[in-house]
Amino acid sequence: MLKRIAKKILGKGSPKRLPYTIDLVTLTQDGFTVTGWYFDDSFCEVCVKSLDSSEAKFTTETLERNDVFAATGKKALGFTLNCFTEKDLAGFKLEFLNRAGQRELFDIVSSGKEQVLSEFTKLDASSISPSGAKLAFEMTLYDGDSLFMCGWILDKGNLNSISFEDAADKYRVESKDILRYSRQDVAEAFGDEIKFTKQPGFTVRMPLNGPIPAKRLKKLKLSVKINDTETSVLVPTVHTLDEPPTVNVRRVMNGWKVHNKRHRQLCESIIQPVIKNIFPADKTCRSSKVDFGLVASPKASVIIPLYGRYDFMRYQLSNFSRFESLKDYEVLYVVDDPKISIAVGRLAKELSVVFPQPFSVITLAENMGFGGANNIGVKYAKSDKLILLNSDVLPKDGAWADKMIAQIDSNDDVGVVGARLLFEDNSIQHDGMAPMVLKEYPELLLNDHPNKGWPISLSKNLAQVADCPLLTAACIAISKSLFEEVGGFDPAYVLGDFEDSDLCLKVLEAGKRNVICRDVELNHLERQSQNLVEAGDWKHKLTIFNAIIYNQRWSQKLNQLFDLGKGTH
Amino acid sequence: MHKVLFLSHGHPELSKGGAEVASWNLFEALKEQGFECMYVARTDGKSHGGSTFSIRAQDQVIFHTGMTDWFNLSSSNIKHLFTDLSELVSSFDPDIIHVHHYAHMGIEVLAALRQAAPSAKIVFTIHEFMAICMHNGQMVKNRTLKLCYKSNENDCHDCYPQHSPADHFLRKQYLLDQFSHVDSFVSPSHFLAQRYIDWGLNEDKMHVIENVLPAMPKLPPRALLEGEKRTRFAFFGQVNPYKGIDILLEAFLKLPAEVLGSVSLDIHGANLDKQTGELKEKVAGLLAQLGGVVTMRGAYESHQLSRLLEECDWVIIPSIWWENSPVVIQEAIAHGRPLIGANIGGMKEKIEDIAGLTFEARSSSSLATKIQQAMEPECFDEWVGKLSIKNDHLKTHTEFLNGLFVDTY
């Protein structure tokens, strides 16, 4: 077990172990953040160095990395460097001060990110198969049920099929089932030669009847048929589900072009099955709970997932304590981010001394996503009533929770109770959601927040309790039995999108009505907690991926509910 | 008599900021009135044997701690605040806790004090805009140094772009949460009080009471020779970019040549050498042009103040930030010396119609005009006549403290 952890931390097969590791490099709104660790006996200090001799502006946080110690037996210090810059990451290096007093410079590249990027950015025009066909399988993922492959091919539009043969079966995917797309990098590498191949990029999913043994994956051979001529190609590396889901999901999304209608149409058959295997619906993970004070018989259990930024705990517990809004409530923080669990534990200890509000911290061994984290939190809830709250929501008074719970208590037919959410400038952030259509995705109903950014005075909605079918899960109340009856948040939605409106619709189907308390106002500092997610379009693609699932399930119901008439679906 | 515990972010014998001096003066004055007082002052220095406390006298405790988060003005030194300080405070068992700052200790000190002495009255004296404004509590814009009228998440983000507007919002809410432990706020000026009320503090808890000063001799006006004018001007205070010393020197350069030949300016202030290149060079250049008109007198100790004021006719306070209630204004008034001050914030409140002339803030030509006006003996005499206002700030303060218990009994 220990060996496996060590392997995971230190990276497999690295020929020479460096005295440091960069776990994560993330682009933020105002620069970037580098998280990692170094051995205490090698280095004594780390900082960010700008290559153009200007001074890099950054802050440093350090912490003990007990996980590294457990795996290596050597003391290691973890660090998080927040660098504030408008310049590109490439203009910076990491500078360590070693124990000999010398400064050493290293590239700021995390191992995970490097893998993902290099597969798609480095292109060598000489990568030609022995047979002469100009093509490359750049990324192959084996998900247990199928092979998912992306690459490029100069086929002049004459690709017939891609096939694979193992001991028992022969599999073939015809051209019509293969996604194609243009590739700027391929065009640049080949110049004139590409003239007759408009869309060299390809993405293909090949369903299999049985498993492929690990040995065979190492020497996987595929056949590509162009103009009825078969060419055999050896696939360089086959990735498997052993790698982190967040890395694999990016690999898959890379070969899926959401602005292409055909790609969206084939999502169900090509993309959805792979994503389902990367994020299995029945995925569970180890979790543990630490209590900082207890509430004997709580009015409700408040579940707050933490991802990325965990300092929100400080502001929330301070607020709850000041207004005594959750004095008789159970507050459950769910740490959905193994990277921050040590720091959260330390901060929680500190805050439990400063603030009288009792709370508990549930730590998940893996990142489960927003829905998954809430579902686990609900299992721990002692009360039969729930409030699901985002960590970046800050109440304005002491009555908000009582008011929301009162709606459940006094109305048997009420399912989900929402609240009016305001940005930090007190303009409207959420006043109930409604479906909307963007012209880029005409067939999809997306979630809109009407009147977003408006002054409340312009809202036609009066400040009172009203029926409202779709509510954001940033702050909702619901009974635990109803939440469980409808199956909680659906794990089919990957990494947090649409699961809240999906829940609302499931509750409506169960015969309840949803209401919004417009007399309950809370500040929602939207997108704050997701700042640490890497920039890049894979996140946007995931939203569209989730939207497609949402529409498969609910577009009919939404059309009825909102009387959308023609023009959609 | 009530027991009063003072908490200051520095001991005036170690660091001479306005807040330290003001809290110290009050501590001394209340002791004389018969209050049992304990003065707890924070320091950076390490103590003997790593203990959290050391002492300078039986009633003066030095608190060895530090702040860990200057954005939230917060501290992770939980043991220092919630165990060590807490035990000390509950052992002294104060009726009143007179807090003069949280800087260098952490805003959580208020929660710690509340936990340590649940029934004590916590009084907090505000000295600048630190909770409102990240820019050294000056309410002057970062980089441009323009005057700032109101904090706002988006404007604060412009000054400090490394923190998002939402983060500025969170910072403010957090500080307001912590201030909820305070029973009464004291502000030495209406101006500062209003800024904090606008920001979010409860108006009902706010009391405007001027800083208490030790007794000071009222000095007779400087004796003039036949036909001599009121030509001796002085500046007291630290030299830093917010104090407007460059504007003061430029104003003197704008005086007509014949006037310039007859005036003098004494600068009693430290830290010019500690300033950054730009201000230092600018001031050095202006000083060179002014030649013998200006004398840099350096830092002074409080016991020297009377003698130094005796030498001058007028005290000038040209700050480019708002100021709160500069101690030098009260000291000049007590000694019988009128002032010329910038017409903004605390300076306007404490000088206009009370203690002298005001000029258009940041305008050296406006200041030059006022300097010439002030030189006329009639002008000086008029303002010295108005200065004889009775100083009863201590009485106001003790009444306020006793009043804290009226509701309780």
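Fair warning: this is a prediction, and the values are worked out from it, not measured in the lab.
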Please step through side-chain contact (heavy atoms from CB on, under 4.5 Å) for the pair A:Leu525 and B:Glu153, ending with a clear verdict.
CA-CA 12 Å; A:Leu525 314 172; B:Glu153 301 82 35; over 6 Å; no

For B:Ile78 and A:Val354, the nearest pair of non-hydrogen atoms, with its separation, is CD1-CG2, 3.5 Å

What part of [X] gets within 4.5 angstrom of chain A, counting heavy atoms only: side chain, backbone, both, or neither?
X	result
B:Thr68	neither
B:Ser76	both
B:Ser74	side chain
B:Arg171	backbone

Honestly, the part of A:Asn523 sitting under 4.5 Å from a heavy atom of chain B is side chain

Between B:His181, B:Lys79, B:Gln178, B:Arg114, which has the largest tally of heavy atom pairs under 4.5 Å with chain A?
B:Gln178

Largest heavy-atom contact set with chain A, pairs under 4.5 Å, which of B:Asn152, B:Leu81, B:Asn154, B:Leu176:
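Sorted descending by pairs with chain A, the first entry is B:Leu176.
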
Using atom types as modelled and distance alone, determine if a side-chain donor or acceptor of B:Gln115 lies under 3.5 Å from a backbone N or O of A:Val353.
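Pair found, side chain donor or acceptor close to backbone of A:Val353.
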
Gap separating the [atom1] atom of [X] from the [atom2] atom of [Y], nearest 0.5 angstrom:
X	Y	atom1	atom2	answer
A:Glu424	B:Lys172	CD	NZ	12.0 Å
B:Asp177	A:Leu394	CG	CG	7.0 Å
B:Asn72	A:Tyr315	CG	OH	3.5 Å
A:Thr59	B:Phe71	OG1	CZ	11.5 Å

Pairs of heavy atoms under 4.5 Å with chain B: top-ranked of A:Lys349, A:Lys57, A:Glu350:
A:Glu350

Decide yes or no for B:Glu108 and A:Arg314: does some side-chain heavy atom of the first lie under 4.5 Å from some side-chain heavy atom of the second?
yes

Look at atom NZ of B:Lys205 and say whether more than 12 heavy atoms of other residues, nucleotides or ligands are closer to it than 6.0 Å.
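Yes, enclosed.
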
Under 6.0 Å from the NZ atom of A:Lys327, do we count more than 12 heavy atoms belonging to anything else shown?
no

